[in-house]
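Since the structure comes first, as structure tokens, the remarks are kept for the end.
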Amino acid sequence: MPATIHGERTLTELDFVRLGKLTGHQLPPVLVELLDAADVLPSREVPEDIVTMNSQVEVEDPVTRQRQKITLCYPGDAQPGAGFVSVLSPVGIGLLGMKTGTLARWQMPNGAEGAAHVVAVLFQPEASGDYTR
């Protein structure tokens, strides 16, 4: 997986703190790297086109052009079949902090690379005035 570059990902301060304190879970090295490199902003300053925790996003497979809605969630709320994807999963890490119009990339457990275009942020807690979710 390509290295995370400063400015490539934006996190809210709350998401940054909560992710750093996930108990009962060993953070994947890629997520640790992302947390170290991400731009961290107060929740009220995060642009509404950034994928934050509990955001619902529309993504498109760059090969098949198939679109789907995904909600980025904490591990305890994950239900992949219902579109609730854990931030600890490769897809979740790939989407966290990305901006609408960008190509999210991740490495699957089998070594294959996955990718999806972030078509739209359909719901973002911060954009709706919820700075504590």
Side-chain angles (χ1 to χ4, degrees):
M1 173 162 192
T4 303
I5 301 169
H6 283 283
E8 181 178 298
R9 308 284 187 109
T10 303
L11 302 179
T12 68
E13 289 174 340
L14 183 59
D15 289 349
F16 178 81
V17 169
R18 284 183 174 167
L19 290 169
K21 291 182 176 182
L22 276 178
T23 57
H25 299 280
Q26 170 122 10
L27 295 184
V30 176
L31 181 56
V32 172
E33 180 183 320
L34 188 157
L35 291 172
D36 287 342
D39 291 334
V40 180
L41 297 175
S43 295
R44 295 178 191 277
E45 295 178 18
V46 172
E48 61 187 38
D49 63 348
I50 299 291
V51 180
T52 64
M53 291 304 302
N54 298 303
S55 290
Q56 183 183 60
V57 298
E58 182 176 15
V59 295
E60 180 182 84
D61 183 294
V63 177
T64 66
R65 301 288 185 222
Q66 181 179 344
R67 290 187 178 197
Q68 68 182 66
K69 293 177 186 175
I70 293 174
T71 300
L72 184 62
C73 65
Y74 290 98
D77 298 323
Q79 296 178 27
F84 289 86
V85 176
S86 170
V87 68
L88 297 183
S89 71
V91 173
I93 295 168
L95 290 171
L96 180 65
M98 296 299 285
K99 182 177 182 172
T100 298
T102 59
L103 181 66
R105 296 178 185 271
W106 56 87
Q107 189 156 358
M108 304 300 271
N110 66 3
E113 186 173 285
H117 289 284
V118 180
V119 176
V121 176
L122 303 171
F123 171 79
Q124 182 205 68
E126 296 77 15
S128 68
D130 185 348
Y131 303 110
T132 60
R133 207 179 223 196

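Donor-acceptor pairing under 3.5 Å is lacking for the side chains of Ser89 and Ser86.
With contacts defined as side-chain heavy-atom distances shorter than 4.5 Å, the pair Leu95/Val85 does not qualify. Looking at heavy atoms from C-beta onward, Gln107 lies out of side-chain contact with Val30 at the 4.5 angstrom threshold. Using a 4.5 Å heavy-atom cutoff, the side chains of Gln68 and Glu58 are not in contact. Ile50 has its side chain out of reach of Val121: every pair of non-hydrogen atoms, C-beta onward, lies at least 4.5 Å apart. For the pair Ile93 and Trp106, the minimum side-chain heavy-atom distance is 4.5 Å or more. Side-chain contact between Val46 and Asp15 is absent, with no heavy atoms from C-beta onward closer than 4.5 Å.
Distance alone, capped at 3.5 Å, is enough to place a donor-acceptor pair between the Gln124 side chain and the Ala127 backbone.
Across Leu72 and Val87, no two heavy atoms sit closer than the pair CD1-CA, 3.9 Å. Across Thr102 and Met98, no two heavy atoms sit closer than the pair OG1-CE, 3.4 Å. Nearest heavy-atom pair across Glu126 and Thr52 is OE1-OG1, 2.7 Å. For the residue pair Leu103 and Pro62, the shortest heavy atom distance occurs at CD1-CG, 4.2 Å. For the pair Pro125 and Ser55, the tightest heavy-atom approach, listed with the atom from each and the gap, is CD-OG, 3.9 Å. Closest non-hydrogen pair, Val59 versus Ala116, comes out as CB-CB, 3.9 Å.
In this structure, CZ on Arg18 lies 8.0 Å from OG1 on Thr12, to the nearest 0.5 angstrom. Note that CG of Leu27 and NZ of Lys21 are 13.0 Å apart. Values are rounded to the nearest 0.5 Å. Taking CG of Leu22 as the start and CG of Leu88 as the end, the distance is 5.5 Å to the nearest 0.5 Å. In this structure, the separation between NZ on Lys99 and CG on Asp49 is 5.0 Å, given to the nearest 0.5 Å. Distance check: Asn54 CG to Tyr74 OH gives 6.5 Å after rounding to the nearest 0.5 Å. Within the model, atoms CG of Leu34 and CZ of Phe16 stand 10.0 Å from one another, a figure rounded to the nearest 0.5 Å.
Qualifying salt bridge (Lys or Arg N to Asp or Glu O under 4.0 Å) partners for Arg65, counting only residues two or more places apart in sequence or in other chains: Glu60. Partners of Gln56 under the side chain to side chain donor-acceptor pair (under 3.5 Å) rule, at least two apart in sequence or in another chain, do not exist in this structure.
For the side-chain contact (heavy atoms from CB on, under 4.5 Å) criterion with Val51, the lone passing option out of Leu11, Leu96, Val118 is Val118.
Hydrophobic clustering (side-chain heavy atoms under 4.5 Å, transitive across Ile, Leu, Val, Met, Phe, Trp, Tyr) groups Val40 together with Leu35.
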